[in-house]
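Each remark here refers to the structure printed beneath this line.
Numbered from 1 within each chain, the chains take letters A, B, ... in sequence-line order.
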Amino acid sequence: MTDRERFTLLYDRHFHEILGYCARRVPAQTAHDAVSDIFLVVWRRIDDVPTDTERAWLFGVARGVLANSRRSESRRDNLIAKLRTLRSPTAVEIDLDVVASTEGALVRRALARLRAADQEVLRLAAWEELNGPEMAIALDVSLSAVQQRLSRAKQRLAKALADEATNEHRARGLRR
Amino acid sequence: MSTNQDTAFERLRRAKPISITPLPARSAAEFLDELEGDGPEPWLAPGPTRDTRRPVLAAAIILLVGGVAIALAASANREPPVDAVAPLTEVTFNSSAADLPPAGSMIGGVYQANSLGTPLSMDLDEIWSLLAHEAGAIELSDGGTVSIIRPTNLADPADLAADPMFTWPTTDLDGWLNNVSPSVTIIEATDVGRDGLRVFDLQVTEGLCPNLTTCVPLLTTRGTFDVFVGSSEQTRVWWFTMEPFGPLVVVATGPVSTIQNADTLVQSMGFGPNAAHPLAQQEPWEAGLNGELPAGRIALPALGGLEFDLPFAAAMRQSDDAVVVELTALARLEILIVDRAADGTAVTTVAEATAALAPHVEVAPAGVLETALGEMAVIDLANGPTSSSNLALLTPDRGFAPGTATDSYTWLVPRSGRLWMIEVENGVLLVSAGVLEDSALDDPTIERNLFELGETVARTIRLGAG
């Protein structure tokens, strides 16, 4: 398989879930930008993509690119700039159902109360459905560290949800 | 407790935002064609170039040799024992060190932190990333976890699955250590030559908590930062007594390498004048933490410091960029300074901010309000979007902010609401009372309460109060 064929396979297989991963973390336009950056990294490092854990590796790249995407735009090179001007902002619509339900809003509000590191490990497990070994690759930590962090994060989420529920009841109690 | 955790996780799983994404705008072939349209650029070639292959090959050989050595060691002994605690000498506090940044990855260097009450300086190797940095707690990771905290309570050894979990006072460490056995074994308690320091290794038995098989609660800092330790990992605790203000504790948990790295880290720690836990002198929200606000005058460090009157108790979240007071999941007050629209257009005036809203929501001027900052424009919003894809106004870009969800706080256009706006030094101050869904208006008292809250905050807000 040529590099080009391998890239095409990765692109077709993972584009949607990588876009979804980004769109759940940054505004829509930034998500589009980030996905291009991610696949640019994939192309440049096509020889490094592991064959058996490519999905986890891609999420690791995505995490790094999202962090880097927050750096100053002045660091962008001309090629990235060109890619962005070529991009049609309406070509791929993202409609994140962020406020679809009171329950969903409450849960995501509880999630937002947690530290960024806790949020990330929970989202990787719950939303991206990565298993322990995959998360270890994506986060570049040991499997035992992943298990511990996830356990702690679940504990904190349960506490945050309980706090949110209390707040919700009290707000309704302000009626007059 | 396990059930609560499992339920919470399941609720989070169901709350996954659904992305509706048709086929990619470009195919992989188009993507590659665009890259190659400029002609070949060496750095775009897939894989390492010849020049870079050589060091890669060398690194591979080193890794191979190292891997063999590790494999041999592992075959002899699955997990090498933790080194004994190294002798520790007093270290002078480095007051000229750089301030420890907010949570996120960071480069190595000497840092100082004032978030623990007693000033602390330490050498942080590049292996560390900063997971948390807040009042009373610093959390680092090298793959394992190191927490540096001012604990207020320990978990009750007699009931580690209790709720609340942390009821044992930190003033009775010996009592805690004696009672925590047999589930937790003290492997070593060493006099390491540094005044006021005790070090002990914990052996946590598998399944210590009745319903928690992978971790146990250890200690907490006033209920805002709980430390759990894993049952399958090494745990070492450095306990600086810090009399009379209460302990400063380092908890390292992870593989042996983490304990060794933490040992090196602790050896570099120097302390400034001893002081109390920051939350002993401040309310949590005054120290930048989220929490329950009482009615009355409130001072927060957010936005460089601000004060306002709160007409009733409410839950609040804050960041450097924004304060959010939520009445319900769908009705909230937001306080922020915006300086640009979502499309990047600069926003420096109330008129520009109002214009940026127009494509997304019906805008109706509703007069002005005399406030402590001057006259604030009042704008009513109606028939706004229900989708988060309609972004409108953003706070100043703080640049690289690793570990955070976004660069800056993004204000979403509400379904309906009321804004109070005034121009300030670095943009437009926005006090936003917004309802995200029509269903939140089924109870009209919610909107009434929300607008009362917004008007009181707008009327009394002061900036630069930090």
request  = Sort A/Ala160 into side chain, backbone, both or neither according to what part of it lies under 4.5 angstrom from a heavy atom of chain B.
outcome  = neither
ask   = Who passes side-chain contact (heavy atoms from CB on, under 4.5 Å) against A/Ala136, sequence neighbours left out?
value = A/Val146
request  = Side chain from CB out, backbone as N, CA, C, O: work out which of these in A/Leu122 comes under 4.5 Å of a heavy atom of chain B, or both, or neither.
outcome  = both
key: Residues which pass side-chain contact (heavy atoms from CB on, under 4.5 Å) with A/Thr2, listed by chain and number, not counting sequence neighbours   = A/Arg4, A/Glu5
message = Does the plane of the ring in A/Trp43 sit parallel, tilted or perpendicular to the ring in A/Phe7? Use 30° and 60° as the thresholds.
response = perpendicular
query = So, do B/Leu131 and A/Arg149 sit near enough that their side-chain heavy atoms are less than 4.5 Å apart?
reply = yes
ask   = Using non-hydrogen atoms only, which part of B/Glu10 is less than 4.5 Å away from chain A: side chain, backbone, both, or neither?
value = neither
task = Count the heavy-atom pairs under 4.5 Å between each of A/Glu120, A/Glu128, A/Lys154 and chain B, then report the option with the highest count.
result = A/Lys154
